[in-house]
Each structure stands twice: as C-alpha cells, then as structure tokens.
2 protein chains.
Amino acid sequence: MARSSNTQFAVAVHVLTYLAGAAAGRAASSDELSESANVNPVYVRRVLAPLREAGLVRSRSGAHGGWELAAGAEDVTLARVWRLLQGTDPVLGLHGPDPACPVGRDIQSALTALDHAVADAVATELGRFTVHDVLTGRVPAAEPRRGP
Amino acid sequence: MARSSNTQFAVAVHVLTYLAGAAAGRAASSDELSESANVNPVYVRRVLAPLREAGLVRSRSGAHGGWELAAGAEDVTLARVWRLLQGTDPVLGLHGPDPACPVGRDIQSALTALDHAVADAVATELGRFTVHDVLTGRVPAAEPRRGP
DNA sequence: CTAACTGTAGTCATCGTGGTTACGAACTAG
DNA sequence: CTAGTTCGTAACCACGATGACTACAGTTAG
C-alpha cells in the first residue's frame with residue numbers, strides 16, 4: 001500500500017559500501033558499480049552526483065577513471081547519505097489541502113510538522129550507522145517486522 | 001527525488017481528526033469526509049477499511065449511516081494508524097539484489113535490518129502523538145527542514 | 001590517436017497512486 | 001413494502017514517478 005519504490009538510498013549505500021570494501025584504494029567505474037548493485041550505470045552516476053557535490057565521493061573522467069570515496073567509511077553516516085538524497089521531500093505522504101476548509105488548513109500544518117519530526121527521527125536513527133558499519137555487518141539484526 | 005507520493009496516512013489522519021472534531025457524536029458519510037480531505041469518497045472508504053478492521057472506527061450502511069470513531073481520540077496514536085497503513089512495506093526503498101554477488105547479499109540483509117530499525121524509529125516518533133493532539137494543535141511546530 | 005570513462009540529455013516501459021464508474025448489499029424512513 | 005441512502009468492492013483509466021536504455025559530447029591515460 002505504501003511501498004517506497006525509490007531505490008536511490010539503497011543503491012547509494014550499496015555502492016558506498018562496495019567502494020569502501022571491494023574497491024578500496026582504487027577507482028571503480030560506474031559500470032563495475034552498476035553490476036554490483038544490479039542497476040544501470042547511468043543510474044549509478046545520477047545517484048552519486050549529489051554525493052560527489054557533498055564531498056563524499058570523487059570521480060575522474062577518462063581511462064582508468066571512476067569513483068572512489070573522498071572520506072573515511074567511518075565518517076560517512078547513513079543519515080548524511082539519506083539527507084542528501086531525500087532533500088526536503090516529504091517522508092510521509094501529504095495530501096492536497098482544501099483551502100476552503102478551515103479545519104483542513106490546521107491539519108495541513110500539523111502533518112507538515114509531523115513530517116519534519118519524522119524526518120528528524122529517521123535521520124537520528126540512520127545517524128547511528130556508518131558505511132563502515134554496513135561493510136563490517138555492524139547493523140541491527142533483521143528481526144521480523146512487528147505488527148501494529 | 002524520493003517523494004512519498006502516498007497520501008493514505010495523511011488522509012487517514014485528516015479524516016480521524018475530522019471525526020473527532022467536526023463530526024464528534026454523530027456519523028459522517030464518506031462523501032462528507034471526502035470533501036473535507038479533498039479526495040474521492042471511494043478512496044476514503046479504502047483508506048478507512050483497515051482502520052475499521054483494527055477497531056479504530058465503525059461504519060454503518062444505509063440511510064443516516066456513515067463513519068464514527070470506535071475509540072477515544074486520545075487513545076489512537078498516529079503510530080497505530082501508520083503501522084496499519086504501512087503494513088510490512090519498506091520505508092526506505094530496497095533495490096533488487098544480484099544473487100550472484102556475495103557482497104550484495106550482505107548489503108541486502110543490512111538494508112532490510114535498517115529498514116526495520118527506521119520503521120521502529122518512525123513509529124516511536126509518531127507514538128508521541130494522538131488524534132486528539134492533532135485536533136487540539138498539540139503537535140511539534142513546523143520548523144523549516146534543516147539541510148544535511 | 002585510441003580506448004576508457006564521466007556527464008547529461010533525451011526517450012521509453014513499467015508501476016504505484018487515486019479518480020471514477022458501476023453495482024450489489026445493508027439499512028432507515030415513510 | 002418501497003424509496004432513498006450509504007457502505008463494500010471490483011473494474012478501469014489517467015497521471016506521474018521511477019529507472020532502463022541510447023546517444024553523444026567532454027576528459028584522460030597509454
């Protein structure tokens with residue numbers, strides 16, 4: 001019902017982990033990264049673009065070019081990656097308001113406030129982990145999702 | 001880039017708040033609710049269906065039928081609503097794995113674990129608020145989203 | 001120069017999301 | 001009992017987000 005069909009964060013974490021592990025100390029082409037993440041090379045470059053602008057990774061054109069980490073894997077929190085890719089987009093969904101409904105307007109601002117609070121909560125949770133943690137398996141165990 | 005284009009949670013919160021406020025003590029038709037939330041009546045019924053099965057709301061067919069809260073507005077946390085509508089769907093996006101990649105498989109399980117952790121964090125945050133809080137404006141102030 | 005890469009702009013197929021219609025069942029008023 | 005409401009649900013459709021794919025210009029090592 002509410003499946004987040006956006007894979008950019010997952011691909012970013014995958015690629016960063018790959019760069020920190022299998023490709024440590026050298027440059028990996030977007031072609032190589034795309035095979036690891038099982039996506040398109042162009043998509044890899046699109047996802048990595050904002051991370052490069054933020055200084056998390058470096059890229060070089062030409063032969064023997066490619067991508068490499070521009071920071072230590074321990075210094076890159078997943079929160080940072082998530083914020084970069086999420087931008088200011090809503091985490092929960094927001095519905096179009098009815099300007100004619102006074103009650104509706106209040107609910108709109110409440111939902112917006114809630115969205116920010118939830119975004120902060122997500123960032124806080126993701127801030128507990130780094131790319132290095134993912135590489136070394138230091139992430140919470142995958143327990144079955146508990147029901148409501 | 002990662003806009004959550006699913007409005008079910010927002011609509012549910014809107015409708016529940018309306019039921020607790022403007023429609024307190026009576027039954028409101030999905031038509032009336034749909035006008036308040038600025039969506040389609042059928043969509044209202046679709047969103048409310050799981051909430052009814054969970055005992056949050058009641059519905060009656062026939063003339064003078066409609067929807068009403070089946071629990072106190074103070075007893076319905078937004079976390080409960082969110083869990084009901086989110087189900088076990090991923091909060092972050094997950095990408096298709098490459099079964100041939102040993103590193104990829106580890107990252108898959110790490111991402112799944114992270115998704116559960118984030119879902120719990122979201123639920124914890126939303127658990128701090130109830131429908132009554134939304135109705136009375138007791139939600140966090142809408143501060144501008146802070147950058148990464 | 002040539003081969004290997006990135007950067008980016010397009011185009012396209014697929015799928016999630018909601019709007020809309022339709023119709024049967026349930027219920028109330030008269 | 002009949003007429004008018006309202007829910008429940010299926011079916012179909014339009015729109016938009018997503019990511020694959022192609023193409024091509026710019027860059028760099030050998």
Inter-residue atom distance B:L78.CG - B:F9.CZ, 0.5 Å rounding: 5.0 Å
Separation of atom CG in B:N40 from atom P in D:dC7, rounded to whole Å: 12 Å
Atom pair distance, as rounded to whole Å: CG in A:L48 and P in C:dT6: 10 Å
Where at least one partner belongs to residues 20-30 of chain B, residue pairs that pass salt bridge (Lys or Arg N to Asp or Glu O under 4.0 Å), sequence neighbours excluded: B:R26-B:E32
Between P of D:dT6 and CZ of B:R26, the distance in whole Å: 11 Å
Point-to-point distance, once rounded to the nearest 0.5 Å, from CD of B:Q108 to CG of B:L94: 7.0 Å
Between C:dT14 (C1') and A:N6 (CG): distance, integer Å: 15 Å
Test side chain to side chain contact (heavy atoms under 4.5 Å, CB included) applied to A:L56 and A:L48, A:V81, A:L69, A:L19, the passing residue: A:V81
Nearest-Å distance for atom pair CG/C1', residues A:D31 and D:dA20: 14 Å
A:R46 CZ to D:dC21 P, straight-line distance once rounded to whole Å: 12 Å
Carboxylate-amine/guanidinium proximity below 4.0 Å for A:D120 and A:R83: yes
Below 4.0 Å: OP1/OP2 of C:dG18 and any side-chain N or O of B:Y43: yes
Sugar-phosphate, base or nothing in reach of A:V42, heavy atoms under 4.0 Å: base
Heavy-atom protein contacts under 4.0 Å, nucleotides 23-30 of chain C, coded B base, S sugar-phosphate only, - none: ---BBS--
B:Q8 side chain, from C-beta outward: closest of C:dG18, C:dT6, C:dG7: C:dG18
A:S29 side-chain N/O to C:dA4 phosphate OP1/OP2 under 4.0 Å: no
Selected nucleotide, minimal atom distance to B:S59 side chain, candidates D:dG8, C:dT6, D:dG19: D:dG8
Gap between atoms CD and P, on B:E68 and D:dT6 respectively (whole Å): 14 Å
B:E32 CD to D:dT5 C1', straight-line distance once rounded to whole Å: 14 Å
Side-chain ion pair, B:D31 and B:R45, N-O less than 4.0 Å: no
Check: B:T130/B:D133 side-chain N/O donor and acceptor closer than 3.5 Å: yes
